[in-house]
Amino acid sequence: MKIITREFYNRNTIVVAKDLLGKILVRVVGNKILSGIIVESEAYRSIDDPASHSYKGKTERNNVMFGEVGHAYVYFTYGIHYCLNIVAKEHSIPAGAILIRAIEPIEGIEQMQKFRKTNDLYNLTNGPGKLTKALNVTKKQNGVDVVKKDEIYILNGREIDNSSIIATSRIGISTALDKQWRFLITSNKFVSRRVRIN
DNA sequence: CACCCGATTATCT
DNA sequence: GATAATCGGGTGT
């Protein structure tokens, strides 16, 4: 499998969010490889999206969202958790990123269980805060280029049949609830259980 | 299974 | 000073 090239991310954020389903997220920690299939994602845009960190313009926290596509935007939230996003947008749009909400673990499961301090396979990486903990992703990874084979990269996985993907409103936000920008693979056991299907 | 709540702190207003 | 792109544990049905 090959690393996804930068052109993939240089498209409509919503389309890329959907297309990331089925791709393989890889995390290199020392000499260990941790990986999983992306099974849940959310698109966040900019001036047209009140729920996005970039809605009101560039700040110290969100500046990666305004930068080159194909980089990781990692932020800290609720005083406890990190969330991993991939910058994606068309040239004409100032900012945009995709929140990786859940992966189906493939490689390095034992190491992920150590990072998470749990043996429960189905609650290991089924949430944005859980998967960053399982993959040992923190603000140190903010800005890393996921198009290069370095700390974090994404591989072409298997094509997902359109009929097995659904779109819903996004989780944990209070505005723009009408926008159906959360994508998940239906019936995948590793999707967040907080399912709000409209 | 559903709802409720506390944890804990960087970031923004 | 308030909020937050969350999680896990608790209680009740």
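To find a chain, count down the sequence lines: A is the first, B the second, and so on, and within it residues start at 1. Since we're looking at a predicted model, the values are computed, not measured.
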Report the distance from atom [atom1] of [X] to atom [atom2] of [N], rounded to the nearest whole Å.
| X | N | atom1 | atom2 | result |
| --- | --- | --- | --- | --- |
| Leu84(A) | dT6(C) | CG | C1' | 15 Å |
| Glu60(A) | dC12(B) | CD | C1' | 11 Å |
| Ile100(A) | dT6(C) | CD1 | P | 14 Å |
| Asn85(A) | dT6(C) | CG | P | 11 Å |
| Lys130(A) | dG9(C) | NZ | P | 10 Å |
| Arg170(A) | dA4(C) | CZ | C1' | 15 Å |
| Asn119(A) | dG8(C) | CG | P | 14 Å |
| Asn62(A) | dC12(B) | CG | C1' | 11 Å |

Short side-chain donor-acceptor distance under 3.5 Å, [Y] and [X]:
| X | Y | value |
| --- | --- | --- |
| Thr5(A) | Glu7(A) | yes |
| Asp161(A) | Ser163(A) | yes |
| Asn126(A) | Lys189(A) | no |

At what distance, to the nearest 0.5 angstrom, does OH of Tyr75(A) lie from CG of Leu99(A)? 5.0 Å
Does Arg101(A) make a side-chain N or O approach to OP1 or OP2 of dT6(C) shorter than 4.0 Å? yes
Mind checking whether Tyr122(A) and Phe190(A) have ring centres under 6.0 Å apart? yes
When you measure from the side chain of Ile171(A), which nucleotide among dC12(B), dA5(C), dT6(C) comes out closest? dT6(C)
Scan residues 44-58 of chain A against DNA chain B and write down, sorted by residue number, each residue with any heavy atom closer than 4.0 Å; if none is found, say none. Lys56(A)
Applying salt bridge (charged side-chain N to carboxylate O under 4.0 Å, His left out) to Asp178(A) and not counting sequence neighbours gives none
Taking salt bridge (charged side-chain N to carboxylate O under 4.0 Å, His left out) as the test, write out the residues that go with Lys32(A), two or more places apart. none
Please enumerate all residues that pass side-chain hydrogen bond (donor to acceptor under 3.5 Å, both in side chains) together with Asp48(A), with sequence neighbours excluded. Arg45(A)
When you match Ala97(A) and Arg116(A) each to their closest nucleotide on DNA chain C, which lands nearer the 5' end? Ala97(A)
With salt bridge (Lys or Arg N to Asp or Glu O under 4.0 Å) as the criterion, how do Arg170(A) and Asp49(A) come out once you've worked through the C-alpha distance, each side chain's angles and the decisive distance to 0.1 Å? CA-CA 12 Å; Arg170(A) 294 166 291 179; Asp49(A) 184 5; 2.8 Å; yes
Expected output check: what is the dot-bracket annotation of DNA chain C, where ( ) and [ ] are pairs inside the strand (brackets for crossing ones), | is paired with another strand, and pairs are Watson-Crick or G-U under 3.5 Å? ||||.|||||||.
Kindly give the atom pairs (protein nitrogen or oxygen, nucleotide nitrogen or oxygen) under 3.5 Å for nucleotides 5-10 of chain B.
unit_1 : atom_1 : unit_2   : atom_2 : d
dT8(B) : O2     : Tyr78(A) : O      : 2.4

